[in-house]
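What follows is one structure encoded as structure tokens, with my remarks underneath.
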Amino acid sequence: MLSVVRVHLPSEIPIVGCEITPYVLLRRPDGAVSTDDVPETAPTDGQFMRYRWYRIQRDRKVPICSVHPMEQATIQCLGCLKSKIPVAKSYHCSAKCFSDAWQHHKVLHERASSALNENGAEEEELFGRFGSGGSGVLSTAGSGSLSNFGQSHGVINGPVPLYPSGTDKNSGETWFEVGCLRTYTPSADDIGHALKFECVAVDSEKRSAVGPPTSIMTSRVIPAPTPTPRRLIQVNGDVLGHLDLDSQTSSLGTFTVLSYNILADAYATSDAYSYCPTWALSWTYRRQNLLREIIGYHADIICLQEVQLNHFEDFFAPELDKHGYQALYKKRTTEVYSGNPVAIDGCATFFRRDKFSHVKKYEVEFNKAAQSLTDAIIPAAQKRVALSRLIKDNIALIAVLEAKFGNHGAENPGKRQLLCVANTHINVHQDLKDVKLWEVHTLLKGLEKIAVSADIPMLVCGDFNSTPGSSPHGLLAVGKVDQLHPDLAIDPLGILRPPSKLNHQLPLVSAYSSFARMVGVGYGLEHQRRRMDPATNEPLFTNCTRDFIGTVDYIFYTADSLTVESLLELLDEESLRKDTALPSPEWSSDHIALLAEFRCKPRIRR
């Protein structure tokens, strides 16, 4: 007889838009125990598994804090209601919670106000406390909080009836059947309500249950936390301007580039990030939150690092394809890697098909370069030791694109506008400074060859695991390494000798240094300057965990062929520390996204 041995949920909290697939352990008629499903289309010994999901609605509605979803709300932002912002975003659990989120609310109100051309109320009028006055407790069901990506119950969760499945008069609970598949994706209608999953073996001929059903309850469904809006800030003029990303489209002749280490699921463990709630660390939640964030930036070119092969193929490539992006991918090599082959990570580059076409793809495998280097300069007896130090499975993905937009400059009418985009993750331990510098130098020398052959603008994006002031950063930003730099003292293989060879001819500049170079005054500009390090002209951080905070991610560009028009504003540490560090329920990576808008300079004839 087919029977259920055990059922448990992958996460303690269900979130809108994030599918739930319970772990169901079955004992088959032959006595074997397995997690493989037994669907109606493939019964075993005349039996199959039937699944049901129910929403449990109580007479009393429970509003949930938009910042701390485990807490019940006690305060509501009336400004959000007046601005017609989804009501679920208006709830807070305490006055401090509301106060801490006020800047976020101001941005939401400003956007809604400009869209509706309405004036908001005074700040002190924009909150109400439940149980006092006439604000009341609003039902969260059907409140139109975060979208469930336009998929109805019938499409994503199976056909469901439109009537209650049962009512418990003692508890005041009404059960609504909301799904008939093993996997269920909570919708906005489920917010504030618990769900019940039920499974039972069914006789194929009699269509009746074989034995009692097994069920498990979830906690209340919560809306997915909304990341604080980040704006593009204009940097190419004397006056600081703000561009709304929701309505922003690149102006004629400009394009935007996003670089983002999204934190591979294989590295997102509770041991490494114990301060992040397990539900917010789960891939089913993080992938949707990351996708929402990435799509919201409307970038023309997207460079992602730490993208697992299976997540690229099954999720990011098809999802971003729906939004008009073509995808390129290069996984890390596997000489050192010993995990699941499909879970290995790599670099993914996406570009808008309506803005660019693909011309050529180059793949850099630093393992191959290490093999060539040891063959050339390392004695045979030392090669094994040398390779064990040099081989780290890192790669770079280089794409040559052709722009489809105009404004190439009157000097070269009709000339093809090409662009070279390098995307890399230099994942090397901090103690191996020689290896890290050698990999960056190897990449730059490869890019030099492309530049000489094609004479095109270049972008070098990625996570270099190198802070400002380090030798790899100096090589990228200055074009050479100071021969007295302390990093050069670590070179047991002699791969950095002579130090005079550590240079390149690409006129690279860090895009975010534009914030530091700007002149003028303004509230927004001062905010960004405080988030920059004046000693290095780089952001104070792009990576923020409990144990480390610093800048390791960059977007470099060739300053002779490109100019920076605007930059995505930086985040402040204080706002992130409310959740201890990254990742958090709000931000789903331990890195922050960087984005820059560029304009191609007209080529000067020589």
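Quick note: numbers below take in every heavy atom, side chains included, and nothing from hydrogens, waters or symmetry partners.
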Exercise for review: Check the pair T278, S270 against side chain to side chain contact (heavy atoms under 4.5 Å, CB included), reporting the backbone distance first and the verdict last.
Suggested key: CA-CA 7 Å; T278 54; S270 293; 3.8 Å; yes
Practice item. Let me see the working for H591 and D463 under side chain to side chain contact (heavy atoms under 4.5 Å, CB included), right down to the final yes or no. Key: CA-CA 9 Å; H591 294 248; D463 174 1; 3.2 Å; yes
Point to revise | Audit row: N394, H425, side chain to side chain contact (heavy atoms under 4.5 Å, CB included) steps and yes/no | key: CA-CA 7 Å; N394 293 328; H425 184 195; 5.8 Å; no
Practice item. Decide side chain to side chain contact (heavy atoms under 4.5 Å, CB included) for I302 and T349; before the verdict, give the C-alpha distance in whole Å, the side-chain angles of both, and the deciding distance to 0.1 Å. Key: CA-CA 6 Å; I302 299 170; T349 299; over 6 Å; no
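When atom types are taken as modelled, the side chain of Y275 and the backbone of L582 share a donor-acceptor pair closer than 3.5 angstrom. R352 contributes no side-chain N or O that, together with a main-chain N or O of Q326, makes up a donor-acceptor pair within less than 3.5 Å. Side-chain N or O atoms of N423 include one that pairs as donor or acceptor with a backbone N or O of A348 at under 3.5 Å. Under the 3.5 Å distance criterion, the side-chain polar atoms of T551 are matched with a main-chain donor or acceptor of P539. The main-chain N or O of E319 is never found under 3.5 Å from a side-chain atom of Y325 such that the two would form a donor-acceptor pair. Distance alone, capped at 3.5 Å, places no donor-acceptor pair between the S470 side chain and the S466 backbone. E569 contributes a side-chain N or O that, together with a main-chain N or O of R231, makes up a donor-acceptor pair within less than 3.5 Å. Counting only distance, with no hydrogens or angles, the side chain of D393 and the backbone of E335 share a donor-acceptor pair below 3.5 Å. Put simply, the side chain of T542 gets close to the backbone of D553: a donor and an acceptor are under 3.5 Å apart. Within the 3.5 Å criterion, the main-chain N or O of T563 finds no donor-acceptor partner in the side chain of R599.
Within the 4.5 Å cutoff, the side chain of I301 has heavy atoms near those of the L419 side chain. Under the 4.5 Å side-chain criterion, counting only non-hydrogen atoms from C-beta, I15 is not in contact with V221. Annotation: side chain of L447 is in contact with side chain of M458 (closest heavy-atom distance under 4.5 Å). For the pair K480/L502, no side-chain contact is recorded, criterion being any heavy-atom separation below 4.5 Å from C-beta on. Residues L567 and V564 have side chains in contact (heavy-atom distance under 4.5 Å, counting atoms from C-beta outward). Between S282 and P10 there is no side-chain heavy-atom pair separated by less than 4.5 Å. E363 has its side chain within reach of K361: a pair of non-hydrogen atoms, C-beta onward, lies under 4.5 Å apart. Two residues are said to be in side-chain contact when any heavy atoms from C-beta on lie closer than 4.5 Å; S219 and P14 meet this criterion.
To the nearest 0.5 Å, atoms SG (C347) and CG (L397) are separated by 6.5 Å. Expressed to the nearest 0.5 Å, how far CG of L304 lies from CG of L258 amounts to 6.5 Å. Taking CG of L459 as the start and SG of C303 as the end, the distance is 7.5 Å to the nearest 0.5 Å. Annotation: the span from L281 atom CG to S588 atom OG amounts to 9.0 Å, rounded to 0.5 Å. Residue Q528 holds its CD atom at 8.5 Å from CG of L568, rounded to the nearest 0.5 Å.
Taking each heavy atom of A396 and F366 in turn, the nearest pair found is N-CE1, 4.2 Å. Residues D265 and Q308 share a closest heavy-atom pair of N-OE1, 3.2 Å. Nearest heavy atom pair, residue S589 against residue N261, reads OG-O, 2.5 Å. In terms of heavy-atom proximity, S513 sits nearest to M532 at CA-CE, 4.3 Å. Here the closest heavy-atom approach between residue A581 and residue T545 is recorded as CB-C, 3.3 Å. Counting all heavy atoms, side chain and backbone alike, C18 lies closest to Y285 at SG-CA, 3.4 Å.
Taking the six-membered ring where the residue is Trp, F312 and F350 present tilted rings, their angle falling between 30° and 60°. Note on ring orientation: taking the six-membered ring where Trp is involved, the planes of H473 and Y554 are tilted (angle from 30° to 60°).
Every side-chain contact (heavy atoms from CB on, under 4.5 Å) that H485 has, sequence neighbours left out, goes to S471, V481, D482, D487, L488. With sequence neighbours excluded, no residue forms a ring-ring contact (aromatic ring centres under 6.0 Å, His included) with Y273. Scored by the ring-ring contact (aromatic ring centres under 6.0 Å, His included) test, H105 finds H92, F98, H109 as partners (sequence neighbours excluded).
With no hydrogens or angles considered, a side-chain donor-acceptor pair links S510 and E538 at under 3.5 Å. Looking only at atom types and distance, the side chain of T256 has no donor-acceptor partner in the side chain of E597 under 3.5 Å away. Between the side chains of E313 and Y329, not a single donor N or O lies within less than 3.5 Å of an accepting N or O. Judged purely by distance below 3.5 Å, without hydrogens or angles, the side chains of Q430 and K436 pair a donor atom with an acceptor atom. In this structure, a donor-acceptor pair under 3.5 Å is absent between the side chains of E365 and T333.
With salt bridges taken as basic N to acidic carboxylate O contacts below 4.0 Å, one links D345 and R332. The residues E574 and R577 are annotated as not salt-bridged, no charged nitrogen and carboxylate oxygen being separated by less than 4.0 angstrom. The residues R389 and D434 are annotated as salt-bridged, a charged nitrogen and a carboxylate oxygen being separated by less than 4.0 angstrom. The pair D300-K355 meets the salt-bridge criterion, since a charged nitrogen lies less than 4.0 angstrom from a carboxylate oxygen.
When the shell of 6.0 Å around NZ of K578 is examined, it contains more than 12 heavy atoms from other residues, nucleotides or ligands.
Checked against a 6.0 Å centroid threshold, the rings of F541 and F548 do not count as neighbours. Between Y557 and F598, the gap from one ring centroid to the other is short of 6.0 Å.
Between K392 and the choices I426, L432, N427, V336, the side-chain contact (heavy atoms from CB on, under 4.5 Å) rule is met once, by L432. Between W587 and the options L571, L263, I592, a side-chain contact (heavy atoms from CB on, under 4.5 Å) holds for only L571.
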